[in-house]
Protein chains: 2
Amino acid sequence: MKEQQSIFTAISDPHRRVILRLLKQGELSVSELAKHFDFSGATLSHHLSVLKSAALVRVRKDKQKRIYTLNTSVVEELLLVVNQLFK
Amino acid sequence: MKEQQSIFTAISDPHRRVILRLLKQGELSVSELAKHFDFSGATLSHHLSVLKSAALVRVRKDKQKRIYTLNTSVVEELLLVVNQLFK
DNA sequence: ACATTATTTAGACTACCATCTAATTAAAGT
DNA sequence: ACTTTAATTAGATGGTAGTCTAAATAATGT
């Protein structure tokens, strides 16, 4: 898997890890996610695009909103990779 | 654990992950590690200091050499944190 | 003492990253 | 049509990270 680096880059930022934890509890729109952060919507959009590039999250449209969800299969893959890093 | 960020930063670099995988197989001196990489000794020293700051590795002296080893307790901690990120 | 080997530290450079504001796209409601 | 809401994209900026060469530190051997 050649995009391994993109996953490690994605989880290296603390704000993105918070996003992942929030999505772990259920899907959220961008504006719902925004309530949890101080930075601008543009920055949030940037973080989401990094997570999307790593395929850690998926997005779908619902009217004007874009709903983000955890991509559990890639998450499982990450857990495997990290475990194999050491075990 | 307040140094969680330093651990994620440490494993975000691919060269440092190679170092960790090498040390997983047994302790190594800096010059032994150097054989596996193209970059300068100064750069290797920098990577080792990042890993050391995150407490992922430990170092001891043996004559002129410095022997690096995996710090398995912090490694276990990392595995736990990553797992809790998603599960 | 001096030279050699092993490693780190200092300082510089480039590239990338997180962030911002402003502009843009897109869908919905009036 | 126009306005509002939702989100992304463009472009700029400051800071940090990875890398290098050169210099410094430290231990060994001659």
Side-chain angles (χ1 to χ4, degrees), chain A residues 2-23 26-71 78 85, chain B residues 2-23 26-71 78 85:
Chain A
K2 62 175 176 311
E3 342 74 2
Q4 192 170 309
Q5 181 54 39
S6 69
I7 301 184
F8 280 101
T9 301
I11 65 169
S12 71
D13 180 87
H15 290 143
R16 287 194 289 265
R17 292 200 299 279
V18 173
I19 293 173
L20 291 171
R21 280 190 216 99
L22 289 168
L23 293 180
E27 56 182 32
L28 290 169
S29 68
V30 177
S31 37
E32 285 167 335
L33 279 167
K35 292 175 193 159
H36 296 82
F37 301 102
D38 284 341
F39 46 71
S40 73
T43 296
L44 176 55
S45 195
H46 163 71
H47 284 313
L48 290 171
S49 95
V50 172
L51 291 168
K52 218 169 16 173
S53 300
L56 282 165
V57 302
R58 295 218 166 286
V59 60
R60 72 165 201 281
K61 291 186 189 174
D62 179 41
K63 308 199 172 185
Q64 309 102 310
K65 311 245 178 143
R66 316 251 169 129
I67 311 291
Y68 281 80
T69 56
L70 260 193
N71 185 350
L78 165 65
L85 231 193
Chain B
K2 62 174 177 308
E3 339 75 3
Q4 191 172 309
Q5 182 54 40
S6 69
I7 301 184
F8 280 101
T9 301
I11 65 169
S12 72
D13 181 87
H15 291 143
R16 286 195 289 266
R17 292 199 300 277
V18 173
I19 294 174
L20 291 171
R21 279 190 216 100
L22 289 168
L23 294 180
E27 56 183 32
L28 291 169
S29 69
V30 176
S31 36
E32 285 166 335
L33 280 167
K35 291 173 194 160
H36 297 83
F37 301 102
D38 286 339
F39 47 71
S40 73
T43 296
L44 175 55
S45 195
H46 163 71
H47 284 313
L48 290 171
S49 95
V50 172
L51 291 168
K52 217 169 15 171
S53 299
L56 282 165
V57 302
R58 295 219 167 286
V59 59
R60 72 166 199 281
K61 290 185 192 174
D62 178 43
K63 307 201 174 184
Q64 309 101 308
K65 311 244 180 144
R66 316 252 169 127
I67 312 290
Y68 280 81
T69 56
L70 261 194
N71 185 350
L78 166 63
L85 232 194

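Within every chain, numbering begins at 1; the chains are lettered A, B, ... in the order of the sequence lines, protein sequences first and strands thereafter. Predicted model, so just to flag it, every value in this text is computed and none were measured.
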Would you mind reading off the distance between [X] atom [atom1] and [N] atom [atom2], rounded to a whole angstrom?
{"X": "L28(B)", "N": "dT7(C)", "atom1": "CG", "atom2": "P", "answer": "11 Å"}
{"X": "F8(A)", "N": "dC17(C)", "atom1": "CZ", "atom2": "P", "answer": "16 Å"}
{"X": "K65(A)", "N": "dT25(C)", "atom1": "NZ", "atom2": "P", "answer": "23 Å"}

- [ ] Could you check which residues of residues 31-45 of chain B get a heavy atom under 4.0 Å from DNA chain C? Sort them by number, please.
- [x]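 Per residue number, the list reads S31(B), G41(B), A42(B), S45(B).
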Open item on the list: Any side-chain N or O of R66(A) below 4.0 angstrom from OP1/OP2 of dA26(C)?
Closed with: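 Negative; the distance criterion is not met.
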TODO: Report yes if a side-chain nitrogen or oxygen of H46(A) is closer than 4.0 Å to either non-bridging phosphate oxygen (OP1 or OP2) of dC20(C); otherwise report no.
DONE: no
Open item on the list: Any base atoms under 4.0 Å from T9(B), or only sugar-phosphate, or nothing? Heavy atoms, all strands.
Closed with: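 The answer is nothing, as T9(B) stays clear of every strand by at least 4.0 Å.
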Open item on the list: Under 4.0 Å, counting only non-hydrogen atoms across every strand here, what does S29(A) touch: a base, just sugar-phosphate, or nothing?
Closed with: sugar-phosphate
TODO: Let me see the working for T9(A) and S12(A) under side chain to side chain donor-acceptor pair (under 3.5 Å), right down to the final yes or no.
DONE: CA-CA 5 Å; T9(A) 301; S12(A) 71; 5.7 Å; no
- [ ] Identify, between H15(A) and K61(A), the residue whose nearest nucleotide on DNA chain C lies closer to the 5' end.
- [x] H15(A)
Open item on the list: Tell me if the CG atom of D38(A) is crowded by more than 12 foreign heavy atoms within 6.0 Å.
Closed with: no
TODO: Rounded to the nearest 0.5 Å, what's the gap from CD1 on I67(B) to CG on L28(B)? Could you check?
DONE: 8.0 Å
- [ ] May I ask you to check whether S6(A) and E3(A) show a side-chain donor-acceptor distance below 3.5 Å?
- [x]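 No pair is found: no donor N or O on one side chain lies under 3.5 Å from an acceptor on the other.
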Which pairs would a plain distance check flag for residues 44-55 of chain B, meaning a side-chain donor or acceptor within less than 3.5 Å of a matching protein atom at least two apart in sequence or in another chain?
{"residue": "H47(B)", "atom": "ND1", "partner": "R16(B)", "partner atom": "NH1", "Å": "3.1"}
{"residue": "S49(B)", "atom": "OG", "partner": "H46(B)", "partner atom": "O", "Å": "3.0"}
{"residue": "S53(B)", "atom": "OG", "partner": "S49(B)", "partner atom": "O", "Å": "2.8"}

Task: R21(A) and V18(A), any side-chain heavy atoms less than 4.5 Å apart - done: yes
Task: Nucleotide interval of DNA chain D bounded by contacts with chain A (heavy-atom cut-off, under 4.0 Å) - done: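 For DNA chain D, the relevant span reads dA6(D) to dT9(D).
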- [ ] Apply side-chain contact (heavy atoms from CB on, under 4.5 Å) to R17(B) and F8(A), showing your working.
- [x] CA-CA 10 Å; R17(B) 292 199 300 277; F8(A) 280 101; 3.4 Å; yes
